[in-house]
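Input: a single structure, listed below in structure tokens.
Quick note on labels: first sequence line is chain A, next is B, and so on, each numbered from 1.
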Protein chains: 2
Amino acid sequence: MTSAFTIAVHSLVFLASLPDRMASSEEIANQVFTHPARVRKIMSCLRKEGYVKTKEGIGGGYIFECEPDAVTLGNIYRSISCKALKLHWCSNEAYEACQLSTHIQDVMDHIFNDAENHFIAYLDHITIESILHKIKVKQVF
Amino acid sequence: MTSAFTIAVHSLVFLASLPDRMASSEEIANQVFTHPARVRKIMSCLRKEGYVKTKEGIGGGYIFECEPDAVTLGNIYRSISCKALKLHWCSNEAYEACQLSTHIQDVMDHIFNDAENHFIAYLDHITIESILHKIKVKQVF
DNA sequence: GATTACTGTAATAGTAAAGGACACAGTTTA
DNA sequence: TAAACTGTGTCCTTTACTATTACAGTAATC
């Protein structure tokens, strides 16, 4: 689920550009270059966090639920919990006592955790609205 | 090569704890729970950047070349260039004109690039020496 | 109330990436 | 010349990711 985050962002930007109608998973998948089932799975996470509203049945689909300037990439990252930061200490069972490895794990876990928090803090500066704005400036619409 | 970074850090911390003798790839691999060939491959990158000195032949191996407080995790990250930050936009060929996707790629690439720079800046605050110190405080040696 | 167009979610299969293992040439020391 | 190393390439296994399919559930429309 590494690219789930980028798909989520892309989908939300797309939905933010269509504030007054629903888009189906197929339509979104077409924009985002993946498959409807995958879009549905990812949107399911976003729905649970309240970022999108979904509707089943005819005429259903997905629509942006919040104000685009109220949703940050940090929000999305947390809901997808995709662990884009692939830093993890080896989860080896055989740590012998009195070796360097015994405690370096704790130390490194702490460092990696901090690093991820910094990363999320950066993502929290960026809103869906700001991305949409940047794209509009480039005259896409 | 995702874990290459952690192996590199672990290895350097180990070497920093043995400032006055060489350690073979086998000895390092034993500490770091991987295989000698992999250690050699990773240490090869660090040698090119001048962080370790290597010596072939009998009695050879690896030794820390710099002052431990002069080498940061950022330095290591850059030499390994492991791309721990697995954020990349889909490299899809079929971007049709006049679609949202056309420019969102540029925008997102820029954001992800910035994010990685922030991440590396954080890593630059942490030295091998500081890690070694933290471990020593925990009375490993 | 049957049909159609959707979501929700699980299961399966295919594919790409990562890591482990091995091999062997090159180098240094004794 | 033998022994103990590094340097590096390649193959193989395993793992993780993604695509695909399938099907139950739901809402609108006729």
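Looking at heavy atoms from C-beta onward, A:L15 lies in side-chain contact with A:I28 at the 4.5 angstrom threshold. Counting only heavy atoms from C-beta outward, the side chains of A:Y122 and B:Y122 never approach each other to under 4.5 Å.
At whole-Å resolution of the value, CZ in B:R21 and P in D:dC5 are 11 Å apart. What separates CE of A:M43 from C1' of C:dT9 is a distance of 16 Å, to the nearest Å. Residue B:I42 contributes atom CD1, which lies 9 Å from atom P of C:dG20 at whole-angstrom precision. In this structure, the CZ atom of B:F5 is 14 Å from the P atom of C:dG19, given to the nearest Å. At whole-Å resolution of the value, CZ in A:R38 and P in C:dT9 are 16 Å apart. The nearest whole Å value for the distance from the CE atom in B:M22 to the P atom in D:dT6 is 9 Å. Between the C1' atom of D:dA19 and the CZ atom of A:F33 lies a distance of 16 Å, rounded to the nearest Å. When the P atom of D:dC23 is taken as reference, atom CZ of A:R40 falls 14 Å away, rounded to whole Å.
Residues B:L73 and B:I128 approach most closely at CD2-CD1, 4.4 Å, considering heavy atoms.
Between B:S3 and C:dA18 there is no side-chain N or O to OP1 or OP2 distance below 4.0 Å. Under 4.0 angstrom from either OP1 or OP2 of D:dG7 there lies no side-chain N or O belonging to B:S44.
Listed nucleotides: D:dT21, C:dG19, C:dG8. Nearest to the side chain of A:A37: D:dT21. Listed candidates were D:dT8, C:dG20, C:dG19. Nearest to the side chain of B:T34 is C:dG20.
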Below 3.5 Å, can you tabulate the donor-acceptor pairs from side chains in residues 56-68 of chain B to any protein atom, sequence neighbours excluded?
none

Pair up each side-chain donor or acceptor in residues 18-25 of chain B with any protein partner under 3.5 Å, not counting sequence neighbours, and list the distances.
from	atom 1	to	atom 2	distance (Å)
B:R21	NH1	B:E27	OE1	3.2
B:R21	NH1	B:E27	OE2	3.4
B:R21	NH2	B:E27	OE2	2.7
B:S24	OG	B:E26	N	3.4
B:S24	OG	B:E27	N	3.2
B:S25	OG	B:R40	NE	3.2

Donor-acceptor contacts under 3.5 Å from residues 46-55 of chain B side chains, at least two apart:
from	atom 1	to	atom 2	distance (Å)
B:R47	NH2	B:S44	OG	3.4

For this session: Take A:I131 and B:M108 through the side chain to side chain contact (heavy atoms under 4.5 Å, CB included) test and state the conclusion after the steps.
Result: CA-CA 8 Å; A:I131 295 175; B:M108 293 308 297; 3.9 Å; yes
Pairs under 3.5 angstrom, nitrogen or oxygen only, protein versus nucleotides 10-13 of chain D, please.
from	atom 1	to	atom 2	distance (Å)
D:dT10	O4	B:K41	NZ	3.2

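For A:Y77 and A:F119, the ring centers sit closer than 6.0 Å to each other.
Across residues 45-58 of chain B, B:R47, B:T54, B:K55, B:E56, B:G57, B:I58 each have a non-hydrogen atom less than 4.0 Å from an atom of DNA chain D (numbered order).
Listed by chain and number, the residues in a salt bridge (charged side-chain N to carboxylate O under 4.0 Å, His left out) with A:D124 are A:R78 (sequence neighbours excluded).
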